[in-house]
> 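The following block contains the structure, expressed as structure tokens.
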Amino acid sequence: MAVAPDGRWIVTGGRRTEVWGAESGTLHGALEGKTASVAVEPGGAWVAVAGEHAVRLWEPPRADSADTGPAARQLTGLAIAGNDTCVVTATGPDATVRDPTSGIPLRVRTGHTGSITSLAVAPDWAWAASAASGSLRLWDTRSGTDLRTLFNSRGPAAMTPDGLSVAAAAADGTAGLGEVSSGRRTRTFAGAPGTVTAVAVLPSHDASPPRLVTGTDRGALAVWDTTSGARSRTLSGRGAAVETVAAAPDGSWLVSGTSDGAVRIWDPETAACLRTLDVPSDGRVTSVAASPDGRWIATTGRDGTLRIWEAATGDCVACVRAEAALEACGWHSDGTGVTAVGTGGLFAFALHA
């Protein structure tokens with residue numbers, strides 16, 4: 001047990017970590033997972049929770065929070081700036097900018113009316129983009145203030161390598177490309193069967209513009225020319241819904257995860273499926289991410305497992321399980337670690353290759 005510095009709330013451990021009002025005795029919120037011990041930061045901004053396999057830093061819920069149920073505490077989105085100077089997470093309609101080393105919240109951006117489905121952050125972390133039902137918004141990561149709205153979007157979203165444009169699934173079922181400086185929608189990508197459910201930017205081998213990869217709820221996986229808006233390649237025409245997609249930094253391959261649990265690596269030039277990852281039947285993948293050097297693939301699953309795969313062979317080389325379902329992951333810029341988020345909070349892992 002631990003008491004807040006101002007004495008207004010108490011933290012208890014056990015089968016889960018709970019925060020209680022000291023005077024009212026009201027439960028303000030809880031963090032799932034067995035707890036061995038807890039400690040409160042001197043300023044009361046966060047709580048250190050020691051569990052069976054990890055120590056987590058948790059931002060305790062406010063006494064006046066409108067929703068202290070599990071959904072309000074679950075982290076559902078993640079974006080990491082290219083130089084690791086900023087980590088942004090999503091919880092419901094709110095986005096939180098965090099210290100990249102400690103994970104401690106620095107500021108919270110509110111304003112969306114629906115839950116955030118995707119996040120992207122500029123290489124210099126000057127701004128971030130968050131997609132929710134009906135809008136794709138750019139906002140200042142240092143102040144949290146809105147900069148502009150790009151276009152009606154359901155998410156997910158992905159940023160071009162130069163940070164000048166953001167691609168996202170549009171509300172009309174297509175995908176769009178928005179210009180950061182003006183907020184103008186510069187391109188629409190339409191024609192693939194179904195509604196777009198996943199997007200990724202595919203870098204080019206040379207100086208030509210990057211391409212866009214989209215996946216739909218009918219299993220269509222396609223590559224698009226961002227200059228003309230034309231579809232240049234169809235990798236998969238139909239099947240289980242594409243839920244997540246990522247591309248190698250050099251554009252030599254891309255990886256997709258579908259609702260039937262399959263994770264496949266594709267050649268974007270030939271449309272050939274290079275290999276299928278051997279994901280356990282209970283480990284339905286929620287996100288995929290390519291390492292900065294293109295050597296590894298990270299996947300998260302609803303079974304709470306983070307797996308690292310070798311892209312060249314499809315072999316699983318590392319596996320670690322969190323205490324609850326994981327929803328998203330991202331690589332650190334030097335490729336030596338992965339940060340993942342989910343029901344249990346934020347987790348940072350180091351990779352020793």
Side-chain angles (χ1 to χ4, degrees), residues 71 74 76-78 90 92 112-120 129-136 150-159 166-178 185 187-202 211-226 229-247 254-266 268 271 273 276-277 279 281-290 297 299-303 325-329 342:
Q74 181 177 3
T76 55
L78 171 72
H112 283 294
T113 56
S115 295
I116 294 173
T117 55
S118 185
L119 292 166
S130 51
S133 54
S135 66
L136 175 62
L150 294 185
F151 53 84
N152 291 338
S153 170
R154 298 172 295 99
M159 182 183 60
V166 176
D172 60 6
T174 65
L177 190 67
R185 183 171 176 173
R187 197 70 62 203
T188 295
F189 307 93
T195 297
V196 173
T197 52
V199 299
V201 173
L202 181 66
R211 291 168 291 174
L212 184 69
V213 181
T214 63
T216 73
D217 60 353
R218 291 171 59 183
L221 188 64
V223 178
W224 306 80
D225 185 309
T226 55
R231 182 170 29 165
S232 59
R233 196 80 62 195
T234 299
L235 286 75
S236 173
R238 64 182 62 187
V242 181
E243 297 188 328
T244 179
V245 64
L254 59 90
V255 57
S256 65
T258 52
S259 59
D260 60 358
V263 179
R264 298 182 176 92
I265 301 175
W266 305 84
C273 178
T276 299
L277 304 186
V279 180
S281 58
D282 62 346
R284 179 177 169 182
V285 168
T286 54
S287 72
V288 294
I297 297 170
T299 64
T300 56
R302 299 205 183 281
D303 60 352
L326 294 176
E327 299 293 339
C329 65

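In what follows, every heavy atom counts, from backbone to side chain, and hydrogens, waters and symmetry copies are set aside.
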> Does A169 offer a backbone N or O that forms a donor-acceptor pair with the side chain of S153 under 3.5 Å?
yes
> Any sub-3.5 Å donor-acceptor pair from T286's side-chain atoms to T300's backbone N or O?
yes
> Verify, without hydrogens or angle tests, whether T197 (side chain) and G215 (backbone) share a donor-acceptor contact under 3.5 angstrom.
yes
> Give me the atom names and distance for the closest heavy-atom approach of R231 to A222.
CD-CB, 3.7 Å
> For T276 and C273, run side-chain contact (heavy atoms from CB on, under 4.5 Å): C-alpha distance rounded to whole Å, both residues' side-chain angles, the deciding distance at 0.1 Å, then the answer.
CA-CA 8 Å; T276 299; C273 178; 4.1 Å; yes
> As an exercise, state the distance from CZ of F189 to CG of D225, rounded to the nearest 0.5 Å.
8.0 Å
> Go through the steps to decide whether V279 and T299 satisfy the test side-chain contact (heavy atoms from CB on, under 4.5 Å), and finish with yes or no.
CA-CA 9 Å; V279 180; T299 64; 5.6 Å; no
> Taking all non-hydrogen atoms of both residues into account, name the closest pair between L254 and P268 and its distance.
CD2-CB, 4.0 Å
> What's the separation between atom CG in L136 and atom CD1 in I116, rounded to the nearest 0.5 Å?
11.0 Å
> I want to check something: taking the side chain as every heavy atom from C-beta on, are L119 and S130 in contact at a cut-off of under 4.5 Å?
yes
> Could you tell me if the side chain of R233 sits less than 4.5 Å from the side chain of R211, heavy atoms only?
no
> Classify the side-chain pair S287/T244 by whether it contains a donor and acceptor separated by less than 3.5 Å.
no
> Hey, mind stepping through L277 and I265 against side-chain contact (heavy atoms from CB on, under 4.5 Å) and telling me if it holds?
CA-CA 8 Å; L277 304 186; I265 301 175; 4.0 Å; yes
> Atom CZ of residue position R218 - does it have more than 12 heavy atoms of other residues, nucleotides or ligands inside 6.0 Å?
no
> side-chain hydrogen bond (donor to acceptor under 3.5 Å, both in side chains) with T195: which residues, sequence neighbours excluded?
none
> Could you tell me if the side chain of V223 sits less than 4.5 Å from the side chain of L202, heavy atoms only?
yes
> Can you check whether V263 reaches V255 side chain to side chain, under 4.5 Å on heavy atoms?
yes
